[in-house]
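No experiment lies behind these values; they were computed from the predicted model shown.
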Amino acid sequence: MAVNPLRLNLDGDLNPMQAQAAKCIEGAVLIIAGAGSGKTRVITYRIAHMLEQGIPQSQILALTFTNKAAREMELRVKELTGRKLPMLTVSTFHSFGVQILRSEIESLGYRKNFSIYDESDKTQAVSEALRECKLYGDGNNPRDIAALFSNIKTGMAQWGVNANTAYRDVYDEYQKNLKVYNACDFDDLLLLPVTIFEEQPPVLAKYRERYKYIMVDEFQDTSSAQYRIMKLLAHENVCVVGDDDQSIYSWRGANYENIINFEKDFPALLEIKLEQNYRSTTTILEAANGVIAHNSKRKEKKLWADNSGGKPIAFYMPENESAEADFIVEQIRAISVHEKLRYDKFGILLRANSLSTSIEEALLAANIPYHVSGGQSFFARKEIKDVISYLRVIANQNDDINLLRVINTPRRGIGKTTIAQLMELAKKNQCPLWDAMTRMRYTEQTFFEEVAKVEIDEFMSLIEREREAMLGKRGLSTKVRALVDTIDYHGYLVSEYAKSEKLAHFKYAMVESFLQSIESWEANPDNLDPTLYPYLNRISLLTHDERGDDADKGKVNVMTIHASKGLEFPVVFIAGAEEGIIPHERSLEEEAGNIEEERRLFYVAITRARDKLFITACAKRKRNQSLLDRNPSPFLDEIPPHLIETFNPEKSETLTSTVDFFTMMKAKFSA
């Protein structure tokens, strides 16, 4: 195999501890990488060093947690080595799980073209299971029950211990439905590969033979299932990179004690600590160290940086959340003008998205563009996906995944028994479901009930009529609106959400917005082909995994602390740093480990700041229409006092008036 033509300079490009971590490619290695210590750089240099040493790219498996992180890591390795690396596997755990299942899932009784249910699909499937168990309604919230089922699957809950056994039959029905619909939920993407590996040793041996060098990024965020995948695959050459001080995802199954488990399972490991920080000022690092030192369950480490000093941390206690929002906006305006800082260099971090209302209102009033991370995409809403699935089936009748989504939406007399029979017929004849339905329609298939035959015939006739109406013709939005009316989607929503007429109307309003968006697309003079196929291609691009990095350039970043992990901003505001918010009031009532996770969350928030950190805590805050007195977070007392400066609003008058002057002059000359 050709060796990398570029010679890496590990000692010149990396600090001593980073270089050691990059050079140690044999055996078990635990890299404790503090915040801002350049762990991604270390990982990419380590992979490049492996390739330089002649290790085949196909033998390397690097696992991380987001598609963005995986893409960035792969790109940086390619840039570093100057090679295309088509056989190198850099992937998220879930994407790797999909890769395994695409090859091996038939051994579990599924078909290869299985669907992956997102949260809205999963909630719908739970609703179906509740109906079949005659438990729909009566206070049984499908979304909450879906979350319970996820906890059961990931081991975070157990029947009869901390999970209500009344839903066990619903869970079993839900699992049966997944199998019938040839679908997996997000948890299955990890659990089913584990099942395959544990039950089929030859399959495991095949993957162990391929992947002889394994690396896991953000190891503190691995769940039990993810750890199990790593351990099953691992030879002696396995490297994990993480920071127990940044473990903040226990609520979704992450287990920071996997670092301890790794030490037990690989006792001969080499431990390397990366403590030099390349992100923040010494002031910010000392504050972070002071806070996290109060946690008892952690590996001892202390972040440090060459760039000594830094601006004091500014603490401000406004009267209420409106004053808090006004203060934050005033500081952003002033700093952006005087330091010529773009708006996307500011991060506003919150313990929960529910705290963003006043801040968003203030940003809007000041005409400052902003972006709130998280929330459901418009095109991910169930009601929108239902209509799009109809369009996809009309465009391509062999699209089994979307066909299964709409075949009984709105409800027809096509139950899961009929669907299972159709899928068996398709499997027997090695054909798509539409062909199986055609066989049932035009040949004698005695095992189908007459009612089902009639319903399937009507459904197929509907698709055929709509296909003839829509394909290759203009007036798409009018035809889609006619489709929505023909299937009486509004009536379907009203019946589905009988207990909440308001919710049904809201969801139909979303469908109206969707139809209007098609109208706007059609009316665009640059759109030379406003027909169905180009529209569906456009939707596929819009809903692709993640937006480009430039999507929110020039916008202030408003996000939860959880969402901020892995990011950094020159200026950070931690808003709502109050007792009962951070630490969250629930953690105050629970075991000490939850307080430690809340402290880790505060630590993560502090270490997102590069140059300047503001922390605000309201004297009063509204809750359920009541105005309650608030106390600052006890974590603030853990920051060394000499690092904090209580903010005096009077000192910012000059800055604010200067900003107002520029705003006034701009308005005058643009009038």
Side-chain angles (χ1 to χ4, degrees), residues 93-94 97-98 100-138 140-200 203 223-226 228-229 252-253 382 385 400-405 407-409 411 414-424 426-427 433 496:
F93 270 99
H94 288 89
V98 172
I100 301 299
L101 295 178
R102 292 294 181 205
S103 298
E104 315 294 343
I105 199 169
E106 286 181 304
S107 65
L108 298 178
Y110 292 78
R111 296 164 64 199
K112 276 193 175 183
N113 64 333
F114 62 91
S115 302
I116 301 171
Y117 277 6
D118 62 16
E119 287 305 309
S120 64
D121 296 329
K122 182 177 179 179
T123 302
Q124 184 67 17
V126 170
S127 298
E128 192 71 35
L130 283 166
R131 284 191 184 87
E132 292 174 355
C133 293
K134 296 181 170 51
L135 289 174
Y136 190 75
D138 300 325
N140 294 317
N141 186 320
R143 191 176 296 277
D144 292 343
I145 296 170
L148 169 66
F149 289 175
S150 182
N151 288 342
I152 291 291
K153 285 191 174 187
T154 58
M156 293 178 65
Q158 295 179 338
W159 297 118
V161 178
N162 49 6
N164 191 339
T165 54
Y167 295 117
R168 184 135 199 188
D169 289 343
V170 181
Y171 178 81
D172 292 340
E173 195 65 35
Y174 167 73
Q175 289 296 98
K176 289 178 187 174
N177 287 350
L178 286 179
K179 199 75 173 282
V180 166
Y181 288 112
N182 197 42
C184 299
D185 63 26
F186 208 56
D187 298 312
D188 291 331
L189 302 183
L190 300 177
L191 298 176
L192 293 182
V194 169
T195 300
I196 291 170
F197 286 160
E198 292 184 335
E199 294 181 357
Q200 300 176 46
V203 176
S223 65
S224 297
Q226 288 162 337
R228 190 70 185 146
I229 288 173
R252 70 180 190 194
K382 179 189 180 302
K385 288 179 69 176
D400 283 2
I401 292 172
N402 284 290
L403 178 62
L404 284 169
R405 183 180 184 92
I407 194 169
N408 206 32
T409 304
R411 300 190 181 284
I414 306 175
K416 67 177 184 179
T417 300
T418 301
I419 293 171
Q421 290 171 334
L422 284 170
M423 293 180 72
E424 186 61 33
K427 184 177 181 180
L433 280 173
E496 283 291 290

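I105 has its side chain within reach of C184: a pair of non-hydrogen atoms, C-beta onward, lies under 4.5 Å apart. Using a 4.5 Å cut-off on side-chain heavy atoms (C-beta onward), V170 and Y136 make no contact.
Remark: the D187 side chain and the T154 side chain contain no N/O donor-acceptor pair separated by less than 3.5 Å. Neither side chain, E104 nor S107, offers a donor N or O lying under 3.5 Å from an acceptor on the other.
Atom CZ of F186 is surrounded by 12 or fewer heavy atoms from other residues, nucleotides or ligands within 6.0 Å.
Considering every non-hydrogen atom in both K112 and S103, the closest pair reads CE-O, 4.2 Å. Between T123 and R143, the closest heavy-atom pair is CG2-N, 3.9 Å.
One distance of note links CD1 of I229 with CD1 of I100; it measures 8.0 Å at 0.5 Å rounding. Interatomic distance, L178 CG to D121 CG, rounded to the nearest 0.5 Å: 10.5 Å.
With respect to I419, the side chain to side chain contact (heavy atoms under 4.5 Å, CB included) criterion is satisfied by exactly one of L403, N177, L433, I414: I414. Of the candidates D400, L192, L101, I401, F114 forms a side chain to side chain contact (heavy atoms under 4.5 Å, CB included) with just one, namely L101.
Ionic pairing of E128 and R411 is present here: one or more N-O contacts between side-chain nitrogen and carboxylate oxygen are shorter than 4.0 angstrom.
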Can D188 and Y117 be said to form a side chain to side chain donor-acceptor pair (under 3.5 Å), step by step?
-> CA-CA 10 Å; D188 291 331; Y117 277 6; over 6 Å; no
Test log, rule side chain to side chain contact (heavy atoms under 4.5 Å, CB included), inputs H94 and Q226 = CA-CA 9 Å; H94 288 89; Q226 288 162 337; 4.0 Å; yes
